[in-house]
Amino acid sequence: MKVIVFGNGGREHTIAWKLAQSEEVEEVYCVPGNGGTAFENKCINIDIKQLDYTKHLTQTQSYVEVAKRNHCKLAVVGPENPLAEGLADALWDAGIPVVGPKKDAAQLEASKDLAKQFMKKYGVACAKSETFTDKESALEYVRKEGAPIVIKADGLAAGKGVIVAKTLEEAENAVCDIMENKVVGDAGNKVVIEEYLKGDEISILAAVSVTPEYAKQKKATIHPFLSARDHKRLLDGAQGPNTGGMGAICPVDDVTPLIESQFQKFILEPTLKGLIAENYDYRGFIFFGLMLTKDGPKLLEYNVRLGDPETQAVLPLMDFDFFELCKSIIDGTLKEFKFGWKKGYCVAPVAVSNGYPKEYKKGFPIKLNEEKISSTGAKIFIAGAIEERRTSRADKDSKIVTSGGRVLACSACGTTFDEAWKNAYDAMEGVEFEGMFYRKDIGLPGAAESN
């Protein structure tokens, strides 16, 4: 079967790699893909900007047309923006099954306000919050509540719309920047202001198979994966500015059976109840961003797709056919799907460009010491890098060059955390590009930010 994956990051490289392992998958078309998928087994990159037949089409129309012309029988959507714009709806309308929620359900990530209303309506454990559409009311509320406090732009803001303000001045500046100075554009027309939760943050990714029909047949379900933890700060010891993620680990040892049961009862089950009650068509993945507080886990946010870089730490531990999982999500058999996980841990530090998360230069060749990397069992997942030149798939002179801030993740497994950590960092020594930087403490005590 031919499959298509939309997106160009490390998450999409990992998804394509995992799909390609299935004997049932003949080819994986990556739109547009990146410098990693360009050389991945069974994978073919397609840049819609280079196609004559897509020049007069919208991006959504182009994606659908590429899937049709390449006879793809399954699509997986990586990033949130195409989902929020209705790509899943368009693919289903064209007769192409897709792993990714339809537009209505995708608003759970596209609108922080809608997500908070959903949480409150269905009793999901979460932070207290209020929503505002004018600056002065928002400022008045902030001054009344005091700091620390969390300011969130309502819409999608590429990870730049959430400010954890430690002082009243920071909170006031955040409100003004978002609502008045429009630092995140129209995403800041509305703000959600939340109470500050104290604790440690984790991520739980999950498979979702919910439709009105599946609900009637008692087939609707959400099945969580192993817990993971992202490390957002740029520097060791959880210091420096926030980033899109400097590395992840899976699983997280401080997620106890009690926490798992609390998550199931107070977050996952109410979420499933809400998806069913709202008549959503949600066949895809969901990301639960959680804070482990003294009162149990609280939901910070929903993402309507797999996380990045959590995906690079979770998928390598999957001991089952990822393509078969995707099929079970689509056809309503997720409840019966047999999950299996490799024993041990995965550690995935991320290498970034010098200057990230601010300005950085691009175009530096990436050198990979394949022998050193393979000796550790690690896998390099490319994110911000592209193929520079290629005359054929067998062209050994082709190379990849940096094109983004977060360039790659180095994922390695081990039967113990220490073994996985050593494998990941030994393998990272086999990666080289000008200005390369990475944290040396992913997964170690004190590495993840605590509120």
Side-chain angles (χ1 to χ4, degrees), residues 7-13 32-38 47 49 59 78-81 151-153 155-167 169-170 173-188 230-248 303 307-312 348-368 380-389 399-410 428 431-442 447-449:
N8 66 348
R11 166 184 50 222
E12 288 75 32
H13 183 185
N34 61 33
T37 54
D47 184 353
K49 296 175 184 175
Q59 179 172 280
E80 63 274 18
N81 289 81
I151 316 297
K152 295 182 176 182
L156 294 173
K160 299 174 183 177
V162 178
I163 297 94
V164 179
K166 298 294 179 68
T167 67
E169 182 181 9
E170 285 179 13
N173 288 340
V175 169
C176 291
D177 281 344
I178 292 172
M179 303 194 80
E180 185 175 50
N181 300 331
K182 298 293 182 185
V183 293
V184 293
D186 289 342
D230 186 10
H231 296 64
K232 290 289 188 186
R233 296 288 183 175
L234 179 68
L235 306 175
D236 286 3
Q239 301 298 309
N242 263 321
T243 71
M246 293 299 295
N303 290 166
D308 190 339
E310 291 95 338
T311 298
Q312 292 90 305
V350 169
V352 303
S353 298
N354 182 41
Y356 175 80
K358 295 184 178 179
E359 292 184 8
Y360 52 85
K361 293 182 179 179
K362 305 176 184 179
F364 298 116
I366 300 173
K367 298 176 184 177
L368 300 176
I380 301 297
F381 293 114
I382 297 297
I386 57 174
E387 183 184 15
E388 184 181 61
R389 179 177 62 83
K399 58 186 177 184
I400 56 176
V401 298
T402 63
S403 63
R406 288 193 298 159
V407 176
L408 57 85
C410 183
M428 194 66 100
V431 180
E432 182 183 350
F433 59 86
E434 187 173 329
M436 173 177 161
F437 173 80
Y438 58 96
R439 284 181 56 170
K440 312 301 190 297
D441 67 341
I442 299 301
E449 188 175 12

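Positions are given from 1 along the sequence. Quick caveat, the model's predicted, so the values are computed rather than measured.
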Any side-chain donor near an acceptor of the partner, N8 and E12, under 3.5 Å
no
For a quick test of reading the model, state the closest non-hydrogen atom pair linking V350 to P309 and the distance between them.
CG2-CB, 4.1 Å
Given 3.5 Å as the limit, does a donor-acceptor pair link the side chain of S353 with the main chain of G404, or not?
yes
D47 meets the side chain to side chain donor-acceptor pair (under 3.5 Å) criterion, sequence neighbours left out, with none
Rounded to the nearest 0.5 Å, what separation is found between the CD1 atom of I386 and the NZ atom of K362?
8.5 Å
Strictly distance-based, threshold 3.5 Å: is any side-chain N or O of T37 a donor or acceptor partner for the main-chain N or O of N34?
yes
Looking at every heavy atom in both G35 and I400, which two are closest together, and how far apart are they?
O-CG2, 3.3 Å
R406 side-chain N/O to A383 backbone N/O, donor-acceptor pair under 3.5 Å:
no
Taking all heavy atoms of C410 and all of I380, pick out the closest pair and write down the distance.
SG-CD1, 3.7 Å
Within a reach of under 6.0 Å around CG of N81, are more than 12 heavy atoms found that belong to other residues, nucleotides or ligands?
yes
Mind listing the closest non-hydrogen atom pair of A174 and I151 along with its distance?
CB-CG1, 4.0 Å
Does a sphere of radius 6.0 Å around NZ in K182 hold more than 12 heavy atoms from other residues, nucleotides or ligands, not counting ones at 6.0 Å or beyond?
yes
Has the side chain of T167 got a donor or acceptor atom that lies under 3.5 Å from a matching backbone atom of E170?
yes
Show, in sequence, the C-alpha distance, side-chain angles and deciding distance for M436 and M428, and conclude whether the side-chain contact (heavy atoms from CB on, under 4.5 Å) test is met.
CA-CA 11 Å; M436 173 177 161; M428 194 66 100; 3.8 Å; yes
Between the main-chain N or O of H231 and the side-chain N or O of R439, is there a donor-acceptor pair closer than 3.5 Å?
no
Report the distance from atom OG of S403 to atom OH of Y360, rounding to the nearest 0.5 Å.
8.0 Å
Testing the basics here: between L408 and I382, what is the closest heavy-atom pair and its distance to 0.1 Å?
CB-CD1, 4.0 Å
Between H13 and F381 the two heavy atoms that sit nearest each other are ND1-CA, 3.5 Å
Show me the donor-acceptor pairs within less than 3.5 Å that the side chains of residues 236-243 make with the rest of the protein, sequence neighbours left out.
{"from": "D236", "atom 1": "OD1", "to": "K440", "atom 2": "N", "distance (Å)": "2.9"}
{"from": "Q239", "atom 1": "NE2", "to": "G237", "atom 2": "O", "distance (Å)": "3.0"}
{"from": "T243", "atom 1": "OG1", "to": "K232", "atom 2": "O", "distance (Å)": "2.7"}
{"from": "T243", "atom 1": "OG1", "to": "G245", "atom 2": "N", "distance (Å)": "2.9"}

Would you say the side chain of L368 lies within less than 4.5 Å of the side chain of V431, judging by non-hydrogen atoms?
yes
Mind checking the CG-CG spacing from D186 to L156? Nearest 0.5 Å is all I need.
12.0 Å
Do M246 and L234 pass the side-chain contact (heavy atoms from CB on, under 4.5 Å) test, and can you show the C-alpha distance, the side-chain angles, and the key distance before you say yes or no?
CA-CA 6 Å; M246 293 299 295; L234 179 68; 3.9 Å; yes
side-chain contact (heavy atoms from CB on, under 4.5 Å), that's the test. Do V407 and F437 meet it? Break it down for me.
CA-CA 10 Å; V407 176; F437 173 80; over 6 Å; no
